[in-house]
Amino acid sequence: MADDPFVLGGTTYSSRLIMGTGGAPSLDVLERALLASGTELTTVAMRRVSPEAHGSVLSVLHKLGIRVLPNTAGCFTAGEAVLTARLAREALGTDLVKLEVIADERTLLPDPIELLDAAEILVDDGFTVLPYTNDDPVLARKLQDVGCAAIMPLGSPIGSGLGIRNPHNFQLIVEHARVPVILDAGAGTASDAALAMELGCAGVMLASAVTRAQEPVLMAQGMRHAVEAGRLAYRAGRIPRRHFAEASSPAEGRARLDPERPAF
Amino acid sequence: MSRTCTSDVLVVGGGIIGLATAWRAAQRGFDTAVVDPEPGGGAARVAAGMLAAVTELHYGEQTLLGLNLASARRYPDFAAELTEVTGLDLGYRRCGTLAVALDADDRAHLRELHALQRQSGLESEWLSGRDCRRLEPMLAPGVRGGLRVDGDHQIDPRRLARALVAACERAGVVFHRMWAERLSVVRERAAGIRAADGTELAAERVVLAAGSLSGRLAGVPDEALPPVRPVKGQVLRLTVPKRYAPFLNRTVRAVVRGSHVYLVPRENGELVVGATSEELGWDTTVTAGGVYELLRDAHELVPGITELPLTETRAGLRPGSPDNAPLLGPTECEGLLLATGHYRNGVLLTPVTGDVMAHVLTTGELPEEARDFTPRRFCAAAVEEQPA
């Protein structure tokens with residue numbers, strides 16, 4: 001949308017949907033789902049793909065002209081994450097990194113202390129850092145303060161499909177952010193993505209909701225529309241909630257149905 | 001010095017797919033040769049050998065299901081014939097499979113798979129956690145339920161490969177133990193290959209069955225080059241000592257928090273634990289993380305495995321195609337046929353592939369059951385589809 005640009009790390013995108021590739025049933029389905037989603041930026045786990053491998057996920061992204069956003073999925077320490085990010089930069093020639101430092105395998109929740117450490121090191125090293133973080137407004141502010149290019153709070157745990165569990169925190173994060181806030185993790189269906197956008201998120205990042213859907217291509221299309229719809233609604237400004245009804249049609253000039261005085 | 005050998009059918013790749021193709025071709029009277037530095041090797045050396053048409057069902061792969069089932073139905077006769085011809089035991093074990101869930105999330109996933117199996121008319125029975133453990137007492141107490149699939153069997157792929165080599169030899173297939181380097185194309189027609197040592201092998205028809213390497217043979221015209229990529233799998237082999245036997249009676253598998261793990265018990269005491277799935281190009285190193293994750297998940301499923309000797313760790317490359325289904329039959333290049341891209345189902349699909357390829361070599365056309373797997377499906381398809 002030309003009148004509503006989405007700028008992330010100095011690049012302007014016309015799609016606000018960032019896709020992930022994990023869990024795709026086949027490369028063919030992944031390719032069609034990515035096309036249907038309209039995404040221009042897609043994240044790939046650098047520990048699970050090799051940049052030299054032909055005919056893999058990276059080749060699909062290249063073919064579709066989608067920018068690669070390397071991530072540090074599977075890292076438990078700042079040290080591992082920094083190393084993975086540097087290897088990704090070397091292999092792919094991009095400063096972009098979606099920074100993930102998880103605390104344990106059961107919840108896959110971010111480790112806030114390691115995350116902040118890694119973010120600081122990578123920002124100083126010239127990376128454009130997009131951190132996957134808890135929906136904690138204080139941590140979000142600190143990540144922004146060390147120079148992250150966006151804040152990517154989780155709506156709920158990765159792959160859970162539980163949506164945005166704490167919309168109020170999202171509002172707080174959005175209100176205080178000077179960088180784009182992007183929902184990362186938790187979207188299960190289209191309304192979750194729309195809600196994120198209505199809350200003022202600049203974008204939505206998701207993978208499982210599409211790749212693990214029964215019909216990934218349809219869900220990708222649904223998500224694309226949901227993000228667009230939510231963004232339009234946010235810009236339009238929703239009406240205040242009221243306790244009682246308020247007629248949407250004006251009462252003036254309506255035919256009076258008075259049995260004493262027929263209208264005609 | 002280069003020398004020239006001529007055959008009716010030259011199969012490039014002596015893995016189980018290439019061997020089954022060569023064996024069936026020779027049985028139909030074709031003068032057949034296989035080129036491979038090490039016939040009987042390839043991905044089958046690593047594969048666990050699950051014949052899992054039902055438990056490997058995935059959304060959107062119903063077409064592939066048809067071929068998988070067709071091959072599973074052939075297995076009893078195929079195995080019997082191969083054993084009869086060679087006198088070799090294949091480790092074919094009609095033991096069935098139990099797919100279990102360890103927590104509520106994995107249970108929901110398995111329930112969904114069960115519904116899909118039922119919709120597809122497949123035999124699969126839902127069991128409570130307690131019933132699962134009654135069948136397999138070594139299962140962890142935490143098992144929340146499972147699917148009993150009595151039709152998903154197993155075979156030992158290494159024995160299968162050895163038997164296929166023997167069957168080929170007996171059927172008069174000639175083995176050229178060398179690397180195929182380049183496809184020879186004469187007047188736009190495949191005419192044989194040139195080996196790495198310069199040997200020219202001429203043939204009426206060339207079947208490219210080189211697994212994950214199928215996309216790498218030089219000289220194949222672009223429009224006929226199979227879109228096959230290597231997908232790495234690490235697999236462990238443990239041994240069940242006699243005093244613990246039988247330990248497990250059937251194949252046990254699970255999705256443990258999103259990652260797949262299976263344990264395949266052979267009659268000879270070997271217990272195969274697999275497999276990782278990694279897109280790392282040609283890398284076949286065994287990593288600490290790969291072994292750790294497999295053992296972690298397997299231990300969660302069957303805690304007693306920690307007592308077993310770990311006898312082998314190995315990584316192989318599955319030939320992945322864009323839609324996870326094989327590429328079978330004629331290509332855009334006259335005289336060049338494909339039998340590759342079998343991905344997760346190579347062992348299962350071996351019997352049907354042999355029959356299908358023999359049919360194609362004889363009639364020039366794919367039989368009805370394999371029409372959907374023509375390599376030509378990848379030629380123009382990608383361009384047609386545009387999102388709404």
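Nothing here was measured: the structure is a model prediction, and the numbers come from that model. Chain letters run A, B, ... following the sequence lines, proteins first, then strands; residues in each count from 1.
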- Is the number of heavy atoms from other residues, nucleotides or ligands under 6.0 Å of B/Trp126 CH2 greater than 12? yes

- Message: Between B/Asp103 and A/Arg106 (salt bridge meaning N to carboxylate O under 4.0 Å), is one present in this structure?
- Response: yes

- Give a yes or no on whether A/Arg165 atom CZ has more than 12 heavy-atom contacts from other residues, nucleotides or ligands under 6.0 Å away. no

- Query: Quick check: are there more than 12 heavy atoms from other residues, nucleotides or ligands sitting under 6.0 Å from CZ of B/Arg118?
  - Reply: no

- B/Glu279 to A/Ser56 - nearest heavy-atom pair and separation: OE1-CB, 3.6 Å

- pair B/Arg229-A/Leu27: side-chain heavy atoms closer than 4.5 Å: yes

- Task: Evaluate whether atom CZ of B/Arg107 has more than 12 neighbouring non-hydrogen atoms of other residues, nucleotides or ligands under 6.0 angstrom away.
- Result: yes

- How many angstroms lie between NE2 in B/His58 and OG in A/Ser26, if you round to the nearest 0.5 Å? 10.5 Å

- Item | Under 4.5 Å from a heavy atom of chain A, the part of B/Arg216 involved | neither

- Message: For A/Leu83, is the CG atom crowded, meaning more than 12 foreign heavy atoms sit under 6.0 Å from it?
- Response: yes

- In this structure, CD of A/Glu215 is separated from OH of B/Tyr59 (nearest 0.5 Å) by 9.5 Å

